[in-house]
Amino acid sequence: MKMENTVNTLKGMLLAWAFIYATGSAAAPRVYEVWENEPAPNGGADWDLVKAGGKPFDKDWEEWSYPIGNGYMGANLFGRTDTDRIQITDKTMHNKGIYNGGGLTSFAEVYLDFGHGEVGNYRRSLNLNEAIAYVSYEKDGVKFKREYFMSYPDNIMAVRLTADQKGALSFAVRAEIPYLNMEDKRTGTVNVRDNLITLAGTLPFFNINYEGQVKVLNEGGAVKAGEGSVAVSKADSVTLLIATGTNYRPGTHIFSSANHEKLDPKLFPHDEVSSLMAKAEAKGYNALKQTHLADYQNLFGRVSVNLNSQVSAEPTHRLQDNYKSGEMDNYLEELMFQFGRYLLIASSREKTLPSNLQGIWSQYHYSPWTGGYWHNINVQMNYWGAGSANLAECFEPYIEYFKAYWPKAQEHATAYVEKFNPSRLAEGQGENGWIIGTSANSYNISGAGGGHSGPGTGGFTSKLFTEYYLFTQDREFLEEVGYPAMLGMSKFLSKALVPHGDLLLVEPSASPEQKVRDKEQLVGMPGSIDKKGYYTTTGCTFDQGFVWENHTDTLMLADALGKKDAFLDTIREEITKLDPILIGTSGQIKEYREEEAYSDIGDPKHRHISHLCPLYPGTLIHSGTPEWMQAASKTLDLRGSKTTGWAMAHRMNCRARLKEGEKALEVYQRFIQERTAPNLWTMHPPFQIDGNLGTMAGVAEMLLQSHEGYIDILPALPKAWNSGSFEGLVARGNFVVSCHWKEGNAESIGITARSGGECRLAYPGIESASVKDSKGKAVKTSSDRKGRIAFGSTKGETYSIAL
Ligand code: FUC
């Protein structure tokens, strides 16, 4: 008991410290929990649905289990009292996947047999402030508790089981290798010795050697190896440690070699996994937990958003049911935002692979869409909010991933130019730039051309690098990776352009996944369709738009670095010939140049709104182009928001950029009502993490924007969020921003200049407000128009503005 108190005090201190450090304010952080009064059901996969839809479907896993993760591995927790299930995924564990190029597959199942069946006072929760999951209940007068977390610094999963009476813990621990003797031909054995369960084997498609270890450490009582399990009897408390590993070693060889040559078949992860376990065991549970909390809370504790709500006393599914029946609780909107931040931290940490389509979590043999990195919107969406939600570090895995696939992407660019525009082919490594097509995973990437998405997928991807630089001001990154990547993409895109009269148009060009509705639509149209009905044409808005974005960003970044290159003049010239945005007769932004009225070509309700990428995440359509803004709004009205998970998230961000706060909130509400499971995961369906992370970006985008060269405070505030506050959101230029508002009006704004430089702010009436530095000294400001001010900031200094 005494120990627990000390731990709790320490925990509280850490939380408070993380918060004060990040925000400069000592307000108590709110507790965000996803919780229920029942364990997660565990009916297993519905194989009829799997077979019928060709998609794996385990409703209970997808909708009720709670995810934890540390970037390397993830686990889904059921919190059961009869047999608990801990399903484990490792990001490198791939079989051939559904398209034969690799796909994420489940690593292990760990079961805890308690046989407690009916219990009293049951509660399970996922505490987002701590990234710790809890289970507590009573059985026969004994109070049982469990804590589960996954530590990033120690790369270990730890489970702590306690009871309020000595010797009350008796249960068995088992582990299984899933999908043995199935199509992917994985081999493996489960060995139990003393208190250790080892799962080890091979998955032949990429020659993956894998190993997982589960160790059972008891205090009091006894632990004994049995037939396939470790039996705990009459212990006072127990710690389980779980670690996984494979012979995957990141690097360019992964993407440049043939499937069977990517990994060293003679390399076994045994020593690595054993060493993780030994270190964790020596460190002990409490120290592991403190390290985990310090690491996690340093990230999570940076941002608070209060939308004038009360912390709900309802279990999450009830909160959600009420929300579905029209009781819109702002707390759920906040909770979803913070859950998004939690998921990004859990699935994307430095030195791990990026967050994939399911983040890191998959219980499947073949994951939906391979659990890959889909580059026609999904993986980009995962990172849209990393900068603004003060989690820029979480984007670093994508930078490392890019560096690893870069040479292969250069080969793809050369092959593309050879095929589609041979007269522009350049000699020399990288001279044709690089390109990534839609599909990719931890082992392979694809090229562009001739598919359902045009080369705009490249500009869509490189946008992430520009954003990372703008948010972090990391010049080393810019010099070494960001700028060369942007310049390379410009080189490629320049060669994807073909002269048409005075214009330069991408050819071939495709607006992601749009199909013609029927052959009638093709009559008189210049494009063609492939076997699946995908429409390929010339110069669609998606492709033209991303050439504009990438070229414009390259020039801006060249300026920032003082680069001079003759090619920069070429792209300066090309930008003037793109004619990327056209308005049609329905008042819409055209998706295709050949379209006149809305949806002359394609599905009018299609989930992709690729022709609005110039609005978000792009910047071509902005407040200085009011006609385009209006047409973008019209396009969203016409497309409607009855759509899938991530597609709603894109609409939400577009509405925020249009400063349409009410409409942005409407989509967000619809998303929570229709596309969110009780564990708050996004149902595309099936489960995909992009919608969670995309709507997280959307909330930030409603509260703070900075893509037009100034910081726009509360740009899309809906009435329902009339009063509230945020602390710790980040604006481009690396300014940490806070704001308190009442009755729709900002009362105070705080700015911490993490990099210094000129700070430009927009808010009605701000020109008559006073700006003070951290010592209360008045700061000189200038104003070139109503509602705008600018002042020179000093790196590390904090400024406050009273309105
Ligand atoms: C894109 C989307 C699909 C799905 C897949 C993973 O191709 O169009 O809806 O999200 O990615």
Side-chain angles (χ1 to χ4, degrees), residues 53-57 62 94 97-105 343 347 354-362 364 366-384 436-442 444-458 460-461 464 510-516 530 532-536 540 542-543 546 591 602-613 617 639-654 671 674-677 681-695 697:
K55 280 176 200 152
F57 197 72
E62 291 203 353
H94 279 51
I98 45 176
Y99 306 122
N100 298 320
L104 187 67
T105 185
L343 290 172
S347 64
S355 179
N356 59 43
L357 191 68
Q358 284 84 17
I360 190 168
W361 299 277
S362 173
Y364 296 113
Y366 294 124
S367 299
W369 287 286
T370 77
Y373 302 118
W374 295 90
H375 282 75
N376 68 10
I377 192 160
N378 316 84
V379 71
Q380 290 92 343
M381 183 176 282
N382 281 7
Y383 291 106
W384 281 350
I436 184 156
T438 304
S439 96
N441 57 46
S442 305
N444 282 307
I445 63 161
S446 64
H452 58 44
S453 307
T457 50
F460 210 162
T461 306
L464 295 170
S511 197
E513 318 217 15
Q514 262 292 19
K515 293 180 175 177
V516 295
D530 66 6
K532 292 182 183 157
Y534 292 119
Y535 185 68
T536 299
C540 72
F542 171 75
D543 288 325
F546 274 120
E591 187 161 1
D603 173 0
K605 301 290 170 200
H606 202 278
R607 60 194 181 286
H608 284 269
I609 44 169
S610 309
H611 45 321
L612 295 186
C613 283
R639 200 68 139 211
S641 58
K642 185 174 183 301
T643 186
T644 63
W646 61 258
M648 287 191 192
H650 194 189
R651 283 156 176 75
M652 179 186 179
N653 281 286
C654 284
F671 170 82
E674 297 175 8
R675 297 294 175 202
T676 304
W681 260 355
T682 299
M683 293 300 135
H684 178 49
F687 157 57
Q688 286 183 200
I689 207 174
D690 40 20
N692 280 107
L693 302 181
T695 50

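In each ligand, atom 1 is the first atom listed, and ligand 1 is the first ligand listed. These values consider heavy atoms only, across backbone and side chains, with no hydrogens, waters or symmetry-generated copies.
- In terms of protein heavy atoms, atom 11 (O) of ligand 1 is closest to Asn378 OD1, 3.0 Å.
- Counting the atoms of ligand 1 from 1 in the order shown, those under 4.0 Å from a heavy atom of Asn376 are 1 (C), 7 (O).
- Between His608 and ligand 1 there is a heavy-atom distance shorter than 4.0 Å.
- Remark: among candidates Met381, Arg607, His684, the nearest residue to atom 4 (C) of ligand 1 is His684, based on non-hydrogen atoms.
- Using modelled atom types and a 3.5 Å distance limit, the side chains of Ser453 and Glu513 yield no donor-acceptor pair.
- Between Trp646 atom CH2 and Leu693 atom CG the span is 14.5 Å, to the nearest 0.5 Å.
- Annotation: the span from Met652 atom CE to Thr695 atom OG1 amounts to 6.0 Å, rounded to 0.5 Å.
- Between Tyr373 and Asn382, the closest side-chain pair of non-hydrogen atoms is not below 4.5 Å.
- Regarding atom 7 (O) of ligand 1, its nearest protein heavy-atom neighbour is Glu513 OE2, 2.2 Å.
- With a 4.0 Å cut-off on non-hydrogen atoms, Thr644 does not touch ligand 1 at all.
- From His452, atom NE2 reaches atom CG of Asp530 across 9.0 Å, with rounding to the nearest 0.5 Å.
- Atom CG of Asn376 sits about 6.0 Å away from atom CG of Asn378, to the nearest 0.5 Å.
- Near Gln688, meaning under 4.0 Å from one of its heavy atoms, ligand 1 places the atoms 4 (C), 6 (C), 10 (O).
- Remark: minimum distance from atom 10 (O) of ligand 1 to any protein heavy atom is reached at Trp646 NE1, 2.9 Å.
- Close approach of ligand 1 to Leu357 (heavy-atom distance below 4.0 Å) involves ligand atoms 6 (C).
- Considering NE2 of His375 and OG1 of Thr438, their distance stands at 9.0 Å, rounded to 0.5 Å.
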